[in-house]
Amino acid sequence: MEKDFKRYTVTSALPYANGPLHIGHVAGAYLSADIFVRHLRLKRKDVIYICGSDEHGAAITIKAKKEGITPRQIIDKYHQEIKTAFENFGISFDFYHRTSEPIHHDLSKEFFLSLYNKGEFIEKDSDQYYDAEFNQFLADRYITGTCPVCSNENAYGDQCEKCGTSLSPIDLINPISTLSGKTPVLKSTKHWFLPLDKYQPWLENWLEGKKGDWKTNVYGQCTSWLKAGLQPRAMTRDLDWGVDVPLPEAEGKKLYVWLDAPIGYISATKQWGLDNGKDWEKYWKRQPDENDNSCLIHFIGKDNIVFHCIIFPAILHAHGEYILPENVPANEFLNLEGDKLSTSRNHAVWLHEYMEDFPGKQDELRYVLTSILPETSDSEFTWKDYQARVNNELVAILGNFVNRVMILMHKYFEGKVTGASNELTDKNLHAAINDGYDEIERAIESFKFRQASAAVIDIARMGNRYLTENEPWKIFSTEPEKTREVLHNCLHIIAHLGVLTQTFLPASSKKILGMLNIQKENWFYDEPVIFIEGHQLNKAELLFEKVEDSIIERQVEKLKEKTSSNQMKQSAIPAKQNIDYEQFSAMDIRAGTILEAEKVAKTKKLLKLLIDTGIDQRTVVSGIAEYYEPENIIGQQVSILVNLAPREIKGIVSQGMILMAENSEGKLTFVSPVDQFAEGSVIR
RNA sequence: GGCGAGGUAGCUCAGAUGGUUAGAGCGCAGGAUUCAUAACCCUGAGGUCACGAGUUCAACUCUCGUUCUCGCUACCA
């Protein structure tokens with residue numbers, strides 16, 4: 001950020017209100033943003049930090065349906081849970097809103113109408129399934145049917161979860177509405193598309209200007225999309241949950257969740273403005289004088305890059321009145337104990353569970369996560385690392401330094417600051433602290449939060465060194481005044497640590513300032529550190545506690561239990577509908593043997609197999625290349641469905657299907673006779 | 001397969017525009033010390049900077065190729 005902005009509008013990705021928060025979310029989009037805004041506030045900048053729950057979209061209605069409750073109940077539950085978790089963790093939003101509020105619906109509609117009236121949308125009619133009984137169009141996920149590829153009877157309209165094929169509802173054989181259980185009818189429906197291709201030249205030009213300024217991972221991802229060529233994208237959906245499309249001819253239609261979600265940043269700001277008597281438009285709209293524009297920064301995870309760097313800017317541009325993001329410092333992903341974080345596998349450290357297990361220790365987690373933020377590439381959280389960082393850095397460096405000084409002050413001077421104490425008398429310390437502030441400021445403003453956090457600890461490290469070099473405990477009996485001076489210098493260092501930790505470790509900062517007996521809501525960077533004559537310090541208390549091995553072991557154990565118990569649960573997916581014997585016997589499954597196997601060119605998963613079925617030798621294309629090497633499966637006996645209609649895959653006609661067993665992680669293994677049986681043996 | 005990001009000490013990671021002996025923290029070894037939560041402080045060992053070519057007086061840093069990891073996308077029984 002070269003330019004000095006008058007105002008800052010900072011957002012973090014809206015969490016989706018269908019589940020709780022885990023440390024991956026925090027490390028992705030919230031912690032760095034929180035440090036960033038806390039820093040700007042201490043510089044007395046005009047900054048607002050906005051976020052809220054994203055409460056629309058099909059996934060929420062599906063979840064509600066599954067649990068037999070309303071979408072409203074789902075979002076109320078998770079909105080509250082998420083909001084509380086953020087508060088406990090010390091994420092300092094100026095406003096945390098939710099997209100189900102009327103003000104958001106109104107603004108989203110206004111936004112849509114504005115684009116509509118400018119003629120920015122392309123209207124397109126297409127045939128979609130319609131449930132006559134429920135009198136509504138069916139979103140892809142509301143249709144199930146037989147997958148044309150793998151014959152799975154429970155494939156969804158957008159995807160077959162068994163074989164992973166991306167589908168369109170039209171592809172399904174025997175489509176069934178999940179609402180009425182009846183066969184839906186095809187009916188023409190109109191949708192409004194945003195012609196992203198039309199904005200491509202403008203986007204290219206705009207993004208070109210961000211080269212070198214934006215992180216390479218973000219910029220690279222954007223150019224990757226532009227290179228592929230942008231397509232018009234539907235901004236409306238046939239859904240019953242979301243923001244109504246504000247057109248008379250669009251009854252029963254809702255705005256696409258990715259249109260309304262980012263507008264949520266704006267509507268939240270609007271509500272904040274109303275509540276606080278502020279002019280929200282100054283934070284979002286282009287001002288008559290360009291230098292008066294607010295600096296818009298989106299903090300997100302890398303999965304959101306395309307929406308925040310391409311689609312939303314295109315929308316803002318099309319609207320015309322709004323500012324565009326100055327930067328989108330997306331983080332990569334955080335892994336956990338050698339594996340990806342996974343909500344479905346329950347492989348996660350949930351924020352609310354951490355707060356229960358480690359009450360009052362939010363700063364410890366904040367510190368560890370800040371130290372390992374996935375700023376340039378994926379990074380990894382392990383409990384052992386958590387323990388090491390807390391014990392070796394927070395306890396041993398920062399906490400220990402403060403404690404040493406406080407104890408010495410009380411031991412020698414009854415905790416009272418007297419004599420020359422207004423200023424730091426050691427020039428080297430003074431210079432080093434100033435350098436520290438500069439480094440921290442530079443690092444934060446170029447989104448290098450790990451470096452900034454380390455710089456704070458370095459100041460404490462310097463304090464420890466200063467203490468050992470001057471050894472006040474040795475010289476007290478002979479040079480009490482020198483002792484006093486050394487300790488007072490240390491107090492200045494502690495005060496500066498109290499100032500600096502406000503951004504990173506807000507709760508600990510309060511403790512530090514409390515020990516120094518300084519009452520201040522905020523300690524701005526430009527306020528001097530001065531102790532007046534006779535200033536009485538409070539009692540020393542420990543800032544951080546050592547983390548014992550047993551605590552870490554328990555957490556690691558807990559993680560293993562959760563993951564494995566979840567796998568057990570997942571292995572028991574519910575049974576499908578009953579079929580009669582005739583349907584079963586219609587399938588002709590035989591024992592066969594793989595004669596030849598080779599990778600299908602230009603694919604990752606496909607193997608082309610030649611199978612001896614006893615009846616004949618035939619070619620089958622199978623998506624098992626990720627689990628089997630071609631040369632290792634020659635001679636492998638398999639079960640093969642021989643009377644499946646042939647299908648052309650990648651230009652090869654696949655005649656039949658190999659039966660595979662699949663676990664919850666999608667791993668595949670052959671299903672074959674236990675004993676070697678002759679080719680062509682019937683399986684039933 | 002296409003595209004993007006990344007592969008730097010045992011571990012986690014830094015290393016603008018190419019330039020003398022490649023850095024930090026942790027871990028490890030040794031020393032010093034006792035004010036402190038056996039913490040602090042000092043010293044040291046440890047890397048052919050994924051691999052192979054090329055450009056250059058000079059490459060971790062630029063170009064090309066190979067390979068591995070992650071992501072997006074395609075294909076997917």
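Each chain gets a letter, A, B and so on, in the order the sequences are listed, and its residues count up from 1. Only a predicted model underlies this, so the values are computations on that prediction, with no experimental measurement involved. Just the heavy atoms: all of them, side chains too, but no hydrogens, waters or symmetry mates, feed the values below.
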Kindly write out the residues that satisfy side chain to side chain donor-acceptor pair (under 3.5 Å) with A/Arg442, not counting sequence neighbours, or none if the list is empty. none
Determine which bases of RNA chain B form Watson-Crick or G-U wobble pairs with both distances under 3.5 Å, and write the result as a 5' to 3' dot-bracket string with | for other-strand partners. (((((((..((((.....[...)))).((((.........)))).....(((((..]....))))))))))))....
C1' atom, B/C57 versus B/C62: distance in rounded Å? 16 Å
Among B/A77, B/U34, B/C42, the one nearest A/Lys474 by side-chain distance: B/U34
Considering only side-chain heavy atoms of A/Asn217, which listed nucleotide, B/A77, B/A5, B/C35, is closest? B/A5
Expressed as a whole number of angstroms, how long is the span from A/Leu543:CG to B/A36:C1'? 13 Å
Nearest-angstrom distance, C1' atom, B/A45 to B/A29: 7 Å
Residues which pass salt bridge (charged side-chain N to carboxylate O under 4.0 Å, His left out) with A/Glu481, listed by chain and number, not counting sequence neighbours: A/Arg484
OP1 or OP2 of B/A39 less than 4.0 angstrom from a side-chain nitrogen or oxygen of A/Lys546, does that happen here? yes
What integer number of Å spans the C1' atoms of B/C64 and B/G27? 39 Å
Protein proximity profile, nucleotides 59-71 of chain B - base contact B, sugar-phosphate-only contact S, no contact -, cut-off 4.0 Å on heavy atoms: -----------SS
Using the ring pair (Phe, Tyr, Trp, His ring centres under 6.0 Å) criterion, which residues pair with A/Phe413? Sequence neighbours excluded. A/Phe476
Which part of the nucleic acid does A/Ile658 contact within heavy-atom distance under 4.0 Å: base, sugar-phosphate only, or nothing? nothing
Please list, chain by chain and in numerical order, all residues satisfying side chain to side chain donor-acceptor pair (under 3.5 Å) with A/Tyr466, sequence neighbours excluded. A/Asn489
Any residue meeting side chain to side chain donor-acceptor pair (under 3.5 Å) with A/Asp458, in chain and number order, not counting sequence neighbours: A/Arg461
Excluding sequence neighbours, so at least two apart, what forms salt bridge (charged side-chain N to carboxylate O under 4.0 Å, His left out) with A/Glu204? none
Just compare B/U12, B/A77, B/C42 and give me whichever is closest to any side-chain atom of A/Arg465. B/C42
Counterpart residues, side chain to side chain donor-acceptor pair (under 3.5 Å), relative to A/Asn392 (two or more places apart): none
Do A/Lys210 and A/Asn327 have a side chain donor and acceptor closer than 3.5 Å? no
Taking B/C26 as the reference, what is the distance to B/G54 when you measure between their C1' atoms (whole Å, please)? 39 Å
Rounded distance in Å between the P positions of B/C28 and B/G19: 35 Å
So which nucleotide from B/U37, B/A5, B/C42 ends up closest to the side chain of A/Asn403? B/U37
Among B/C13, B/A39, B/A5, which is the nearest nucleotide to the side chain of A/Asn400? B/A39
P gap between B/A59 and B/A39, integer Å: 45 Å
Please tell me which of A/Thr223 and A/Glu545 maps to the more 5' nucleotide of RNA chain B, matching each residue to the nucleotide holding its nearest heavy atom. A/Thr223
Under a 4.0 Å N-O cut-off, is there an ion pair linking A/Lys215 with A/Glu375? no
I'd like a table of donor-acceptor pairs (distance under 3.5 Å, sequence neighbours excluded) in which one partner is a side-chain atom from residues 393-411 of chain A, with atom names and distances.
unit_1: A/Glu393; atom_1: OE1; unit_2: A/Tyr367; atom_2: OH; d: 2.5
unit_1: A/Asn400; atom_1: ND2; unit_2: A/Ala396; atom_2: O; d: 3.4
unit_1: A/Arg404; atom_1: NH1; unit_2: A/Asn464; atom_2: OD1; d: 2.9
unit_1: A/His410; atom_1: ND1; unit_2: A/Met406; atom_2: O; d: 3.0
unit_1: A/His410; atom_1: NE2; unit_2: A/Asn538; atom_2: O; d: 3.3

For nucleotides 22-29 of chain B, tabulate all protein N/O to nucleotide N/O atom pairs closer than 3.5 Å, reporting atom names and distance.
unit_1: B/G25; atom_1: O3'; unit_2: A/Arg461; atom_2: NH2; d: 3.3
unit_1: B/G25; atom_1: O2'; unit_2: A/Glu393; atom_2: OE2; d: 3.0
unit_1: B/C26; atom_1: O3'; unit_2: A/Asn392; atom_2: ND2; d: 2.8
unit_1: B/G27; atom_1: OP1; unit_2: A/Asn392; atom_2: ND2; d: 3.3

Contacts of A/Lys474 that satisfy salt bridge (charged side-chain N to carboxylate O under 4.0 Å, His left out) - sequence neighbours left out: A/Glu471
Do A/Ser453 side-chain atoms and A/Arg450 backbone N/O form a donor-acceptor pair below 3.5 Å? no
How far does the C1' atom of B/G25 sit from the matching atom of B/C72, given to the nearest Å? 33 Å
Taking the C1' atom in each of B/G47 and B/C13, what is the distance between them to the nearest angstrom? 14 Å
